[in-house]
Amino acid sequence: MIIPSSSPFHMLSCLVMLLLLPFPSFSADPDALQDFCIANLNASISVNGFPCKPASEVTSDNFFFDGFTKEGNTSSIFGSHITSGNVFSFPGLNTLGISMNRVDFAPGGMNPPHSHPRASETGVVIKGKLLVGFVTTGNVYHSKVLSAGEMFVIPRGLVHFQKNVGKKKALAFTAFNSHWAGSVVLPLNIFASKPSIPDHVLTKAFQVEEDIIHTIKSKFSS
């Protein structure tokens, strides 16, 4: 039996096939179409990445990065410091779909609850003891205390954190499947946005009085 191309069955079959086909756009970053594309950070146009430097201007130094060699200053309010190895600090990562961070923790310091909208994250503890946790979209909390050499993974977009629960400094390296994972830091986004989220929105969301919102906002006013 020949099924007419305009029949509902034919249209349904085509739709099912489209849904089953793999879509490269679902990946964190698009696949590169050349060996490399050293980012031209000064370009006036940027479309899902940066334009490439002319090959004649590329040097060996463009493929190496020494930003992780120094310990970060952990005197921030959170007691941690993130040294980013993304496309902005290491233009050689442009279009390659990878990046890394060095995260230093003072005793008791933390990388506060945050999420990465464009990448999944994996990490390894190099020194110290870290409590690593994340919350699923089903509101389930997963966590574990990790020591040196142990590894973790955070699925893309989920809220997560790391906290130093040891008595000494801690160090971790994290990696992402994007050259710029992005970071939504919850306490800063909620209480230190510019312009500010209206107080009446936050009092309703957190079920607290306005003076409590003001107190929290004052902690991030600098």
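The figures here come from the full heavy-atom set of this structure, side chains too, leaving out hydrogens, waters and symmetry mates. Numbers for residues simply follow the sequence, beginning at 1.
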Is there a donor-acceptor pair closer than 3.5 Å between any side-chain N or O of H179 and the backbone N or O of T95?
yes

*asked:* Any side-chain to backbone donor/acceptor pair from S89 onto N86? Under 3.5 Å, distance only.
replied: yes

**Report entry** Side-chain donor or acceptor of E150 paired with backbone N/O of S147 under 3.5 Å
**Finding:** yes

Are F64 and I38 linked, directly or through other ILVMFWY residues, by side chains that come within less than 4.5 angstrom of each other?
yes

Before you tell me yes or no, could you show the steps for T83 and H81 under side chain to side chain contact (heavy atoms under 4.5 Å, CB included), namely the whole-Å CA-CA distance, both residues' side-chain angles and the distance that decides it to 0.1 Å?
CA-CA 7 Å; T83 303; H81 185 277; 3.5 Å; yes

Fill in: Validation row: F68, D66 side chains within 4.5 angstrom (heavy atoms)
no

**Q.** Side-chain touch L188/F220, heavy atoms, less than 4.5 angstrom
**A.** yes

If hydrophobic clusters are built by linking Ile, Leu, Val, Met, Phe, Trp and Tyr wherever their side-chain heavy atoms come under 4.5 Å apart, do V132 and L186 end up in the same one? no

Shortest non-hydrogen pair, L41 vs P91, comes out as CD1-CG, 3.9 Å

Original post:
With a 4.5 Å limit on heavy-atom distance, are the side chains of F78 and P187 in contact?
Top reply: yes

Notebook entry, point to check: Between N111 and I82, is a side chain to side chain contact (heavy atoms under 4.5 Å, CB included) present by the stated rule, with each step listed?
Noted result: CA-CA 8 Å; N111 190 7; I82 297 174; 3.6 Å; yes

Across all chains, not counting sequence neighbours, the ring-ring contact (aromatic ring centres under 6.0 Å, His included) partners of F88 are F50, W180

Looking only at heavy atoms, the pair that brings P117 and V184 closest together is CD-CG2, 4.2 Å

The reported gap from CD1 in I213 to OG in S196 (rounded to nearest 0.5 angstrom) is 11.0 Å

In short, A39 meets K53 closest at the heavy-atom pair O-CG, 4.4 Å

dist N62:CG -> C37:SG (nearest 0.5 Å) comes out at 11.0 Å

Rounded to the nearest 0.5 angstrom, the OG-CD distance for S183 and E121 is 9.0 Å

Problem - T136 side chain near Y141 side chain, heavy-atom distance below 4.5 Å - result: no

Before accepting this row, confirm whether a basic side-chain N of the pair E71/K169 lies closer than 4.0 Å to the acidic partner's carboxylate O. yes

Ring centres of F206 and F191 under 6.0 Å apart? yes

Practice prompt. Evaluate the side-chain proximity of N177 to I98: yes if any heavy-atom separation is below 4.5 Å, no if none is.
Written response: no

Determine whether S143 and L131 make a side-chain contact, defined as any pair of heavy atoms from C-beta on separated by less than 4.5 Å. yes

Does F176 have its ring centroid less than 6.0 Å away from the ring centroid of H116? yes

Q.
Please tell me whether M100 and M151 are part of a single hydrophobic cluster in this structure, the criterion being side-chain heavy atoms less than 4.5 Å apart.
A. no

**Asked** Do M110 and V145 belong to the same hydrophobic cluster, where Ile, Leu, Val, Met, Phe, Trp and Tyr are linked whenever their side-chain heavy atoms lie under 4.5 Å apart, directly or via other members?
**Response** yes

**Prompt:** Any luck finding a side-chain donor-acceptor pair between T59 and D61 under 3.5 Å?
**Reply:** no

For A119 and S178 the tightest heavy-atom approach is CB-CB, 3.7 Å

For K217, I'd like to know if atom NZ has over 12 heavy atoms of other residues, nucleotides or ligands within 6.0 Å.
yes

Residues pairing under ring-ring contact (aromatic ring centres under 6.0 Å, His included) where one sits in residues 118-140, two or more places apart or in two chains, turn out to be F134-H142

Interatomic distance, CD1@I197 vs CG@N189, rounded to 0.5 Å, equals 7.5 Å

Are H114 and V159 packed together at the side-chain level, in the sense that at least one heavy-atom pair is separated by less than 4.5 angstrom? no

> When hydrophobic residues are tied together by side-chain contacts of less than 4.5 Å, even through go-betweens, does L146 share a cluster with L158?
Replying inline: yes

- Query: Looking at side-chain heavy atoms only, is the closest gap between F105 and L130 below 4.5 Å?
  - Reply: yes

Walk me through whether L93 and F65 qualify under side chain to side chain contact (heavy atoms under 4.5 Å, CB included).
CA-CA 10 Å; L93 297 176; F65 176 69; over 6 Å; no

d(N40 CG, N94 CG) to nearest 0.5 Å is 9.5 Å

Correct closest heavy-atom pair for F161 and P113 would be CB-N, 3.9 Å

field: R102 side-chain N/O to A172 backbone N/O, donor-acceptor pair under 3.5 Å
entry: no

dist S84:OG -> N101:CG (nearest 0.5 Å) comes out at 4.5 Å

Inset, instruction - May I ask you to check whether H214 and D199 show a side-chain donor-acceptor distance below 3.5 Å? - result: yes

Tightest non-hydrogen contact, residues K163 and G108, listed as NZ-O, 3.5 Å

